[in-house]
Amino acid sequence: MATQAEFDDVPGTYLFDRHRSRQGYHLNMFFFSLMKAQNREAFLADEEKYLDRFPMSPEQRKAVLARDWLGMIKLGGNIYYMSKFGATLGRSFQYMAGAMSGVSQEQYADMMKAGGRSVEGNRSKAGHD
């Protein structure tokens with residue numbers, strides 16, 4: 001079984017393990033709350049007030065308000081729960097993945113159609129195979 005350190009060595013990889021799960025608990029409960037229409041409406045009506053229901057860290061709250069998709073992942077966000085947030089905002093998985101990759105939704109789709117991101121420079125932060 002791979003260790004956390006091995007995953008940390010792969011650029012752009014943020015393993016959702018028990019540590020991130022614990023870190024992101026309240027963030028993910030916010031995302032999950034958006035399953036209900038009345039909660040989506042309440043969030044969209046007053047984002048800051050709605051977020052007060054969840055004792056997130058200041059960094060998590062800032063990431064939500066800034067729509068920092070990659071930041072939410074790094075702070076313990078679960079991509080499947082995050083999809084509820086994306087859908088609330090009218091955003092697709094493809095849009096979120098593009099934003100996390102630093103490209104537009106269209107550029108991300110083109111990259112995937114062309115076979116994905118090149119492995120060159122994306123295998124290891126330490127530079128080994």
Side-chain angles (χ1 to χ4, degrees):
M1 176 179 250
T3 66
Q4 179 68 46
E6 290 173 302
F7 282 104
D8 286 346
D9 185 50
V10 180
T13 302
Y14 306 97
L15 181 65
F16 188 76
D17 61 1
R18 63 188 169 103
H19 302 292
R20 276 214 171 83
S21 175
R22 228 176 280 125
Q23 175 191 24
Y25 179 80
H26 297 292
L27 176 62
N28 290 312
M29 290 302 96
F30 155 66
F31 296 145
F32 192 73
S33 76
L34 300 174
M35 295 268 299
K36 295 183 179 180
Q38 69 265 24
N39 291 339
R40 292 190 297 272
E41 292 168 11
F43 173 75
L44 293 172
D46 188 339
E47 294 184 13
E48 299 239 5
K49 182 179 177 186
Y50 187 80
L51 290 179
D52 288 341
R53 299 179 185 186
F54 304 91
M56 291 183 241
S57 72
E59 295 81 12
Q60 290 169 328
R61 185 181 177 101
K62 181 179 176 183
V64 168
L65 293 171
R67 310 307 194 249
D68 179 358
W69 302 101
L70 186 55
M72 289 181 255
I73 291 285
K74 291 177 180 179
L75 294 167
N78 178 296
I79 189 63
Y80 298 105
Y81 285 2
M82 280 176 58
S83 70
K84 311 304 183 229
F85 182 41
T88 298
L89 301 172
R91 300 297 188 185
S92 66
F93 258 95
Q94 191 172 332
Y95 173 88
M96 294 187 305
M100 286 186 258
S101 300
V103 297
S104 71
Q105 180 173 333
E106 294 75 21
Q107 290 168 316
Y108 182 80
D110 290 343
M111 179 174 60
M112 291 297 104
K113 289 175 193 173
R117 185 178 299 184
S118 169
V119 297
E120 296 308 314
N122 289 311
R123 292 178 192 245
S124 168
K125 292 177 186 173
H128 56 78
D129 292 327

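Applying the 6.0 Å contact sphere to CZ of Phe54 captures more than 12 heavy atoms from other residues, nucleotides or ligands.
Ile73 contributes atom CD1, which lies 4.5 Å from atom CD1 of Ile79 (distance to the nearest 0.5 angstrom). To the nearest 0.5 angstrom, Met82 atom CE is 12.0 Å from Thr88 atom OG1. Gln60 contributes atom CD, which lies 10.5 Å from atom CE of Met72 (distance to the nearest 0.5 angstrom). Remark: Met56 CE to Leu75 CG distance equals 10.5 Å, nearest 0.5 Å. Atom CG of Leu70 is separated from atom CE of Met96 by 12.0 Å, given to the nearest 0.5 angstrom.
A search for side chain to side chain contact (heavy atoms under 4.5 Å, CB included) contacts involving Arg22 returns Arg18, His19, not counting sequence neighbours. With sequence neighbours excluded, the residues forming a side chain to side chain contact (heavy atoms under 4.5 Å, CB included) with Arg61 are Glu48, Leu51, Asp52, Leu65, listed by chain and number. Looking at residues two or more places apart in sequence or on another chain, you find a ring pair (Phe, Tyr, Trp, His ring centres under 6.0 Å) between Phe32 and Tyr81. In this structure Lys36 satisfies the side chain to side chain contact (heavy atoms under 4.5 Å, CB included) test together with Gln38, Asn39, sequence neighbours excluded. Taking the side chain to side chain donor-acceptor pair (under 3.5 Å) definition, one finds that Glu59 meets it with Ser57, sequence neighbours left out. Considering only residues two or more places apart in sequence or on other chains, Ser33 meets the side chain to side chain donor-acceptor pair (under 3.5 Å) condition with Tyr50. Every residue meeting the side chain to side chain contact (heavy atoms under 4.5 Å, CB included) condition with Ser21, not counting sequence neighbours, appears here in chain and number order: Phe16. For the ring pair (Phe, Tyr, Trp, His ring centres under 6.0 Å) test, residues two or more places apart in sequence or in another chain that qualify with Phe85 are Phe30, Phe31, Phe43, Trp69. Applying the side chain to side chain donor-acceptor pair (under 3.5 Å) criterion to Glu41, with sequence neighbours excluded, gives no partner residue.
Here the closest heavy-atom approach between residue Gly71 and residue Ala63 is recorded as C-CB, 4.4 Å. For Ser83 against Phe93, the heavy-atom pair with the smallest separation is CB-CE1, 3.3 Å. The heavy-atom pair separating Arg20 from Asp17 by the smallest distance is N-OD1, 2.9 Å. Across all non-hydrogen atoms, the minimal contact from Ser104 to Gln107 is N-OE1, 2.8 Å.
Sequence neighbours left out, not one pair with a member in residues 102-114 passes salt bridge (charged side-chain N to carboxylate O under 4.0 Å, His left out). Sorted by first and then second residue, the side chain to side chain donor-acceptor pair (under 3.5 Å) pairs with a member in residues 90-102 read Ser101-Arg117; sequence neighbours excluded. Here salt bridge (charged side-chain N to carboxylate O under 4.0 Å, His left out) pairs that include residues 65-77, with residues two or more places apart or in two chains, are Glu47-Arg67.
Hydrophobic clustering (ILVMFWY, side-chain heavy atoms < 4.5 Å, transitive): Tyr80 and Met100 are in one cluster. Put simply, Leu89 and Val64 are part of the same group of oily side chains (I, L, V, M, F, W, Y) that touch within less than 4.5 Å, one to the next.
Of the possible donor and acceptor atoms, one in the side chain of Arg40 sits under 3.5 Å from a partner among the backbone N and O of Met35.
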